[in-house]
Number of protein chains: 2
Amino acid sequence: MPHKHDPFFPPPGHDHRSCASEAIAAAETICQDRGSRLTALRQRVLEAIWEGHRPLGAYDILARLNRNGGRNAPMAVYRALDFLMDHGLVHRLASRNAFIGCRHPGDDHSAQFLICDSCGSVAELASDDVHKTIGRAAAKKGFAVTSETVEITGHCPNCNPS
Amino acid sequence: MPHKHDPFFPPPGHDHRSCASEAIAAAETICQDRGSRLTALRQRVLEAIWEGHRPLGAYDILARLNRNGGRNAPMAVYRALDFLMDHGLVHRLASRNAFIGCRHPGDDHSAQFLICDSCGSVAELASDDVHKTIGRAAAKKGFAVTSETVEITGHCPNCNPS
DNA sequence: ATAATAATGTGATGTTATAACAATTCAATG
DNA sequence: CATTGAATTGTTATAACATCACATTATTAT
Ligand SMILES: [Zn+2]
Ligand SMILES: [Zn+2]
Ligand SMILES: [Zn+2]
Ligand SMILES: [Zn+2]
């Protein structure tokens, strides 16, 4: 199911608690459905990621985890991220070495990311048109697609009032 | 101008010398036109990259550079790569942390990359259709595109005889 | 309770990329 | 040619990102 809030790039002042709580709730449901355990550590990592709509590096997440005297090691974060990615709750942005919460968890989707150069926020597009066009272009060359990385930089509507 | 060889994914046995020599020749022309210097170091990096159609990591390139007793440091490679990328002679594959020679040097193009999971070879697509579809999808969300990273993995025609 | 499995802890290490500053080479000018 | 400023390269150190290997603990199933 799509996100409750509509704004694609949520404006600076939006009620972000609900973004985060929706994401956590969706994660719990998905993990239950799949018989997986959303442990405290994994949930804390997911919460750290959902502190905003900006991608975070693994070590940024680690710092947030350890803010109040935590003693987690990088491995803990990477393992949690692997779990969250396996469950479609988090995406990795290859062009940034960073991670961001999925806005369409549960959907089986191929995503494209719009990354704002000004404010750093990221929106997740799920354009079937883009996906299919890529598939056609690849097929024309005899290439069988298994996965796509589509990351687009530019200026978001909040930073680009046209 | 497009590459002389047609095969999009050059077959294993192709005459690769001409791929490399064409690329070097194009680089010389482009640098002359722009009043830039294709120094020995830069050329050696470009040659290393053109030893094949597989992407190479910066440290792979460094190893090739230093094969015969060279003493170059990583910085030398990264600086040469920056130069070559600025001049549109080399692309970086974000999903691989690796670099590959551009097959359309001189063209002002937005590229997509097809990366074979079996043989590791990479082909550079320059699909205007993909480019425009991405532009439309982004515009629909009020996003102004400045650059795109499109990297597709799967199986190339040489590895996927259908 | 026991045993198997899953998750986490821990320390070391591997990999990719950049910072900072010194030395050298190059091209232009007089 | 000699001078000079800019571009390039050398050098060392360090930052940033990611994984390996193995020990320990927690959870689940029998
Ligand atoms: Zn939000
Ligand atoms: Zn913005
Ligand atoms: Zn070739
Ligand atoms: Zn192949």
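Residue numbers begin at 1 in each chain, while the letters A, B, ... track the order of the sequences.
- A side chain to side chain contact (heavy atoms under 4.5 Å, CB included) with A:E151 is found for one member of A:L93, A:L114, A:V122 and no other, namely A:L93.
- Look at A:R92 and you won't find any side-chain N or O under 4.0 angstrom from OP1 or OP2 of D:dC17.
- Comparing A:F83 and A:P74 by the nucleotide of DNA chain C whose heavy atom lies nearest to each, the residue mapping closer to the 5' end is A:F83.
- With respect to B:E28 and B:R37, no salt bridge is recorded, no charged nitrogen being found less than 4.0 Å from a carboxylate O.
- Distance alone, capped at 3.5 Å, places no donor-acceptor pair between the B:D107 side chain and the B:H109 backbone.
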Could you give me the CA-CA distance, side-chain angles and deciding distance for A:H53 and A:H14, then say whether side chain to side chain donor-acceptor pair (under 3.5 Å) is met? CA-CA 11 Å; A:H53 293 272; A:H14 78 287; 3.1 Å; yes

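- Checking B:H155 against A:T146 by side-chain atom types alone, no donor-acceptor pair falls below 3.5 Å.
- Atoms CG (A:L93) and P (D:dA18) sit 11 Å apart, rounded to a whole Å.
- Judged by distance alone, the side chain of B:H16 and the main-chain N or O of B:W50 form a donor-acceptor pair under 3.5 Å.
- Between the CG atom of B:D82 and the C1' atom of D:dA7 there is a distance of 15 Å, rounded to whole Å.
- Formation of a donor-acceptor pair under 3.5 Å by the B:R42 side chain with backbone atoms of B:L84 is not found in this model.
- Toward the 5′ end of DNA chain D lies the nearest nucleotide of A:R96, the other residue of the pair A:R96 and A:R79 mapping further downstream.
- Remark: P of D:dA16 and CG of A:L56 are 15 Å apart, rounded to the nearest angstrom.
- For the pair A:M75 and B:Y59, both in contact range of DNA chain D, the more 5′-proximal nearest nucleotide belongs to B:Y59.
- For DNA chain D, the neighbouring residues in residues 24-41 of chain A, judged by any heavy atom under 4.0 Å, are A:R37.
- Between chain A and DNA chain C, the heavy-atom contact criterion of under 4.0 Å yields a 5' to 3' nucleotide range of C:dA7 to C:dG11.
- If you measure from atom CG of A:N97 to atom C1' of D:dA16, you get 8 Å, rounded to the nearest angstrom.
- Residues B:L65 and B:I100 fall into different hydrophobic clusters, defined by Ile, Leu, Val, Met, Phe, Trp and Tyr side chains chained together at heavy-atom separations under 4.5 Å.
- A close approach under 4.0 Å does occur between a side-chain nitrogen or oxygen of B:R42 and OP1 or OP2 of D:dT9.
- For the pair A:L62 CG and D:dA16 C1', the interatomic distance rounds to 13 Å; values are reported in whole Å.
- Considering only heavy atoms from C-beta on, A:H87 comes within 4.5 Å of A:S36 through its side chain.
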